[in-house]
Amino acid sequence: MNVLEVRGATKTYDVGKTLVGAGRTLHALRGIDLAVRKGETLGLVGESGCGKSTLARLILGIEGPTSGNVTLAGKPVGGYGRLERAKLVQPVFQDPYSSLNPRMRIARIVAAPIEVRGIGTASSRRERVRAVMNAVGLPEHFTEVYPSQLSGGQRQRVAIARALVGEPEILVCDEPTSALDVSVQSQILNLLARLKRELGLTLILISHNLAVVHHLADRVAVMYLGRIVEHGPTEAIFGAPRHPYTAALLASVLSPRPGARLPEMRVGAEFPSPLAPPPGCAFHPRCPCAGEGCATIDPDETRDGPRGYRCHYPLAHA
Amino acid sequence: MASIASATAAPVLALSPGRVALGRTLRHGGFWVGGGILLVILVAAILAPLLTAHDPTWQDLGKRLVPPVWDARGSWEHPLGTDQLGRDYLARLIYGGRISLLIGFATVLISGAIGTALGIAAGYWGGRVDLLINFVLTIRLTLPVVLVALVVVALAGNSLTILMLVIGLLLWDRFAIVTRSATQQIASREFIVAAQAIGSSTGRILFKEILPNITGPLIVVASVELAHAILLEAALSFLGLGVQPPLFTWGLMIAEAKNQLFFRPWLIAVPGAALVALIFAINLVGDAVRDVTAPEGRA
Ligand SMILES: Nc1ncnc2c1ncn2[C@@H]1O[C@H](COP(=O)(O)OP(=O)(O)OP(=O)(O)O)[C@@H](O)[C@H]1O
Ligand SMILES: [Mg+2]
């Protein structure tokens, strides 16, 4: 069963709007289709600005799609009350220095989700907070301290504890490790892997770095300028990318500087502006394989068993 | 709490950001000077009946314009002398400070509530709400405060309530500007998105997540506006449109003494010095809080 389904979701923002003027339209998401099964881990990768966080906000129900729909457990996200929705899906953010209220003690931060939902008594909530903090590997005495007294990795554990305390089905982790020291990154990833296994969580793992999702994800979706350009089982995507963009991302992971920028494939071809997406295939200005039709015809998705890609000239693999 | 001290855990001192800021404030020299003066004035206002045996409105026409004690003709019976109606000037200074402070604090409560509500709303919702509130703010900023206050008081009469309302309804602009930008900074932080994602009500987000994070700038503006309101009331009273007898404030005392400026300067100097000391003290305290809470403003 699919706990999460996204169908044709678009999201546009009006930028530069005034009381009278209309401003311009920014296309953050341009038709996203996605289905995630219960207990599955989906890796969502793509360059900065491709719309990963926007998609995360739609899934969390913090914003609604401009068109299309996002369905959680068979019901549109917008159809849930804020508390019902919070029970289904919870976020973990990139920057643990910004995701914890500096004025609250850890115990209050972690207890907030169940407090807001009015679950249990104050003392049963304290008990629950202790149990969750234990599960994410935080010592008990941290309950009474403030975020400023914790390290980045510890803070991220607090953020994970807060996300888990209300026992959600889906965890949306938006770049959960990219603000952390390299040494701490793998600890957090291992923690997520363990929690996912033990709690049967459905995990949406967002990253601009393919290496991060490689170990954890069952399936990977590659985003480019508000679109999913390729998706499929992790091994298939990593072993035999069909979309030239996926191949370029993989190459950047394998380059001497992992996580470095996408190698420049054509001089001057920068990441295009979501204010004016290129016509045809949005990737064509940078694509080494672009040919006839790429600049005019937007490729539909080609299905190939469990995977799919949007490309007129997919890479062939022997 | 005993429950947190588990056997293996090293005791961790919980340093609340609020307490850290308070600690730093208490080590700030300006805070002690300003706070000291302010405390003296506040205590004097509160304990007024204990500090002077005189009734500040009791007129003793046989003892008009007695000079203060430092003058050869003065006496300890009236340490600061008497005014043109023979009222004890020390008693008037102490009781007058009461009303000045009352007006100051009451108007800051009003303007602070209005400005903070508007500023937080504009900063949190942004978009059209922000545009609308900015529009209201712009209109408010085009109004000359003293002139509007004069007109309203002239039309509506000058009871203490009206005076507090008028000043309170006029001086919210800085509160709105400062809380708006402070809220914008906070609202873009991920803990606000997290609060939304856990299903927090808007009220909870505004009051429990945002408000505690903008108390520093709020205290600073409050101090500026407190001084502002007290001075504005003094100006209005001086122009005859402030509080009316039998009520009196330092501003009214100065106004009543203006004819004596050259012959009995202490009648103006005493309430004037008190006013200056009060404003100075408020500003010192505000500066100290700003130094502590807004590091970018630190010299
Ligand atoms: N509230 C908003 N208003 C206007 N534009 C927005 C808003 N949120 C996102 N955008 C724009 O939408 C596009 C996608 O942004 P998003 O944050 O989803 O990208 P991302 O893939 O998460 O990038 P990153 O890796 O840097 O986090 C960007 O061009 C961004 O500027
Ligand atoms: Mg992002």
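Sequence lines set the chain letters: A, B, ... in the order given, protein chains first and strands last, and positions in each chain run from 1.
- Distance alone, capped at 3.5 Å, places no donor-acceptor pair between the A/Ser99 side chain and the B/Phe191 backbone.
- For A/Glu115, the part sitting under 4.5 Å from any heavy atom of chain B is the side chain, from C-beta outward, and nothing else.
- The distance from the CZ atom of A/Arg103 to the CD1 atom of B/Ile186 is 9.0 Å, given to the nearest 0.5 Å.
- Residue A/Asn101 holds its CG atom at 6.5 Å from CD1 of B/Ile192, rounded to the nearest 0.5 Å.
- Of all the listed residues (A/Ala112, A/Pro147, A/Pro168, A/Pro91), the one sharing the greatest number of non-hydrogen pairs under 4.5 Å with chain B is A/Ala112.
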> Do B/Ser201 and A/Arg82 pass the side-chain contact (heavy atoms from CB on, under 4.5 Å) test, and can you show the C-alpha distance, the side-chain angles, and the key distance before you say yes or no?
Replying inline: CA-CA 8 Å; B/Ser201 63; A/Arg82 56 185 160 84; 3.6 Å; yes

>> Evaluate A/Arg108 against B/Lys208 for side-chain contact (heavy atoms from CB on, under 4.5 Å), listing each step before the verdict.
In response: CA-CA 11 Å; A/Arg108 260 189 87 198; B/Lys208 296 208 171 155; 3.8 Å; yes

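- A/Glu40 pairs by the side chain to side chain donor-acceptor pair (under 3.5 Å) definition with A/Arg37, A/Arg219, not counting sequence neighbours.
- Here the CZ-CZ distance, from A/Phe93 to B/Arg189, works out to 13.0 Å after rounding to the nearest 0.5 Å.
- The OG atom of A/Ser98 sits 4.0 Å away from the CD atom of B/Glu190 when rounded to the nearest 0.5 Å.
- The minimum heavy-atom distance between B/Ala197 and A/Leu60, with the atom names listed, is CB-CD2, 4.5 Å.
- The local environment of NZ in A/Lys87 is sparse, with at most 12 non-hydrogen atoms from other residues, nucleotides or ligands closer than 6.0 Å.
- Interface summary for chain B: among A/Asp174, A/Val165, A/Leu83, A/Ile62, the most heavy-atom pairs under 4.5 angstrom belong to A/Ile62.
- For a residue to count as touching a neighbouring chain, one of its non-hydrogen atoms must lie under 4.5 Å from one of that chain's; by this rule A/Arg85 touches chain B with the side chain only.
- Here the CE atom belonging to A/Met104 is positioned 3.5 Å from the CD atom belonging to B/Glu209, to the nearest 0.5 angstrom.
- Proximity to chain B is limited to the backbone of A/Leu100, based on heavy atoms less than 4.5 angstrom apart.
- With a 4.5 angstrom heavy-atom cutoff, B/Thr215 touches chain A only via side-chain atoms.
- Counting non-hydrogen atoms of other residues, nucleotides and ligands closer than 6.0 Å to CZ of B/Phe280 gives a total of 12 or fewer.
- The contact between B/Val193 and chain A is made by backbone and side chain atoms together, counting heavy-atom distances below 4.5 Å.
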